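The next block holds one structure in the form of structure tokens; read it before the comments.
Quick caveat, the model's predicted, so the values are computed rather than measured.
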Amino acid sequence: MSNLRLINETEITSGVNTLSVTDVFTDDFDIYKIVLSDVSTGANSILQYRFINSAGSVISSADYDRANLNLRDSTAFAEYRNTSTSAGFGFESVGASGEGYSSVVYVFNPTNTSSYTFGLYQAMGITSALVRGNKGIGVLKQTNNIAEINIYLNTSTFTSGFIRTYGLRVDTSDKTIL
């Protein structure tokens with residue numbers, strides 16, 4: 001049987017532009033689900049994700065690759081791709097509207113030092129009266145033991161929101177040979 005287990009719940013406080021969700025990645029799980037909900041900011045900004053290694057340092061080296069599709073309601077969709085970027089693996093528009101922003105991020109293999117750490121995300125929010133959705137993927141091209149995740153805005157500060165982190169356990173009895 002597969003189980004989704006709540007590991008951490010963090011309330012976003014007003015006036016910060018970066019926050020770290022600490023002590024969430026362990027050897028107990030290979031897959032994590034991070035849910036951001038009801039996030040509001042002081043002004044339109046870009047929300048991005050970076051990883052924090054087991055020594056507590058934010059990994060800001062140019063070792064991230066990412067790609068995302070920006071799904072706009074009133075203009076053409078846009079594709080973005082970056083290789084060897086230090087900005088992290090997310091690239092999502094967050095607005096200052098009262099409607100809030102939400103996203104779901106899956107993180108794969110963060111503590112496995114034999115594999116890169118991957119992220120897969122989708123988001124929905126309103127910026128400058130436009131409805132925007134994002135779907136994307138990213139990878140940290142390092143085999144570090146990742147312990148935490150850092151979420152930051154490039155031009156504004158958070159005003160409110162919640163971050164919930166879950167571990168996804170897959171028991172060996174779930175694996176079926178076809």
Side-chain angles (χ1 to χ4, degrees), residues 7-25 32-71 78 80-111 116-128 130 132-142 144-166:
I7 297 170
N8 179 292
E9 181 175 272
T10 301
E11 184 173 359
I12 299 172
T13 58
S14 181
V16 298
N17 71 337
T18 184
L19 57 101
S20 298
V21 181
T22 59
D23 301 321
V24 291
F25 301 140
Y32 292 84
K33 179 180 181 179
I34 301 169
V35 179
L36 281 74
S37 59
D38 299 321
V39 175
S40 293
T41 61
N44 290 344
S45 190
I46 302 295
L47 183 141
Q48 299 179 92
Y49 309 94
R50 292 182 291 201
F51 293 114
I52 301 172
N53 63 26
S54 58
S57 299
V58 174
I59 300 171
S60 58
S61 61
D63 290 330
Y64 293 94
D65 287 354
R66 65 185 183 190
N68 79 298
L69 178 62
N70 189 312
L71 309 162
Y80 299 96
R81 293 182 219 63
N82 300 98
T83 58
S84 302
T85 181
S86 61
F89 73 88
F91 188 77
E92 304 174 15
S93 300
V94 180
S97 63
E99 289 82 6
Y101 161 88
S102 298
S103 72
V104 176
V105 179
Y106 288 93
V107 176
F108 302 88
N109 304 317
T111 62
Y116 291 160
T117 300
F118 291 85
L120 175 69
Y121 62 92
Q122 57 188 19
M124 186 64 180
I126 297 177
T127 60
S128 300
L130 295 174
R132 295 178 187 244
N134 282 296
K135 292 175 106 16
I137 189 167
V139 61
L140 172 62
K141 297 177 296 183
Q142 294 181 5
N144 288 338
N145 182 358
I146 304 301
E148 304 167 352
I149 192 163
N150 176 261
I151 302 167
Y152 70 100
L153 298 171
N154 70 339
T155 60
S156 183
T157 59
F158 292 103
T159 57
S160 64
F162 290 93
I163 303 169
R164 292 174 183 88
T165 306
Y166 302 87

Checklist entry - If you look only at pairs with a residue in residues 155-165, which of them pass as a salt bridge (Lys or Arg N to Asp or Glu O under 4.0 Å), with sequence neighbours excluded? => result Glu9-Arg164
Checklist entry - Hey, what do you get for CG (Asn8) to CD (Glu148), rounding to the nearest 0.5 Å? => result 10.0 Å
Checklist entry - Asn68 versus Arg66: any side-chain heavy-atom pair under 4.5 Å? => result no
Checklist entry - Distance from Ser37 atom OG to Ile12 atom CD1, nearest 0.5 Å? => result 8.0 Å
Checklist outcome for this item: With sequence neighbours left out, the residues meeting side chain to side chain donor-acceptor pair (under 3.5 Å) with Ser57 are none
Checklist entry - Quick one: are Tyr116 and Asn109 in side-chain contact, heavy atoms under 4.5 Å? => result no
Next on the checklist: Among Thr10, Val105, Val24, which residue satisfies the side chain to side chain contact (heavy atoms under 4.5 Å, CB included) criterion with Ile34?
Outcome noted: Val105
Checklist entry - Is there a side chain to side chain contact (heavy atoms under 4.5 Å, CB included) between Val104 and Tyr121 once you walk through the steps? => result CA-CA 6 Å; Val104 176; Tyr121 62 92; over 6 Å; no
Checklist entry - Taking atom types as modelled, is there a side-chain donor on Asp38 or Ser102 under 3.5 Å from an acceptor on the other? => result no
Checklist entry - How would you list, by chain and number, every residue that makes a side chain to side chain contact (heavy atoms under 4.5 Å, CB included) with Arg81, sequence neighbours excluded? => result Ala67, Glu79
Checklist entry - Which heavy-atom pair separates Ala87 from Arg50 by the least distance, and what is that distance? => result O-CG, 3.8 Å
Checklist outcome for this item: Taken to the nearest 0.5 Å, the spacing of Leu47 CG from Thr18 OG1 works out to 9.5 Å
Next on the checklist: Run Leu153 and Thr41 through side chain to side chain contact (heavy atoms under 4.5 Å, CB included) and show every step you take.
Outcome noted: CA-CA 9 Å; Leu153 298 171; Thr41 61; 3.5 Å; yes
Item to check | Distance (rounded to the nearest 0.5 Å) between Asn150 CG and Ile59 CD1 | outcome: 10.5 Å
Checklist outcome for this item: Taken in chain and number order and not counting sequence neighbours, the residues that satisfy side chain to side chain donor-acceptor pair (under 3.5 Å) with Asn17 are none
Next on the checklist: Run the side chain to side chain donor-acceptor pair (under 3.5 Å) test against Thr111 and tell me which residues pass, sequence neighbours left out.
Outcome noted: Asp27
Checklist entry - Do Ser103 and Tyr49 get their side chains close enough for a donor-acceptor pair, meaning under 3.5 Å? => result yes
Checklist entry - Between Phe25 and Tyr32, does the ring centroid distance fall short of 6.0 Å? => result yes
Kindly list each side-chain donor-acceptor pair under 3.5 angstrom involving residues 135-142, sequence neighbours excluded, with atom names and distances?
unit_1: Lys135; atom_1: NZ; unit_2: Gln122; atom_2: OE1; d: 2.8
unit_1: Lys141; atom_1: NZ; unit_2: Asp65; atom_2: OD1; d: 3.0
unit_1: Lys141; atom_1: NZ; unit_2: Asp65; atom_2: OD2; d: 3.4
unit_1: Gln142; atom_1: OE1; unit_2: Asn144; atom_2: ND2; d: 2.3
unit_1: Gln142; atom_1: NE2; unit_2: Ser61; atom_2: OG; d: 3.0
unit_1: Gln142; atom_1: NE2; unit_2: Asp63; atom_2: OD2; d: 2.6

Next on the checklist: If you apply the rule side chain to side chain contact (heavy atoms under 4.5 Å, CB included), what do you find for Phe51 with Val107, and how did you get there?
Outcome noted: CA-CA 10 Å; Phe51 293 114; Val107 176; 3.8 Å; yes
Item to check | Minimum heavy-atom distance Thr159-Ser14, with the two atoms named | outcome: O-CB, 3.6 Å
Checklist entry - Is the backbone N or O of Ile46 less than 3.5 Å from a side-chain atom of Asn154, with the two atoms forming a donor-acceptor pair by type? => result yes
Next on the checklist: Using the rule given for side chain to side chain contact (heavy atoms under 4.5 Å, CB included), can you reason through Tyr152 versus Val58, listing the C-alpha separation, both sets of side-chain angles and the distance that settles it, and then say yes or no?
Outcome noted: CA-CA 11 Å; Tyr152 70 100; Val58 174; over 6 Å; no
Checklist outcome for this item: Taken to the nearest 0.5 Å, the spacing of Thr13 OG1 from Phe158 CZ works out to 9.5 Å
Checklist entry - Is a donor on one side and an acceptor on the other found under 3.5 Å between the side chain of Asn53 and the backbone of Gly56? => result yes
Item to check | Minimum side-chain heavy-atom gap Ile151-Leu36 below 4.5 Å | outcome: yes
Checklist entry - More than 12 foreign heavy atoms under 6.0 Å from CZ of Phe118: is that the case here? => result yes
Checklist entry - Between Pro110 and Thr117, which heavy-atom pair has the shortest distance, and what is it? => result CA-OG1, 3.5 Å
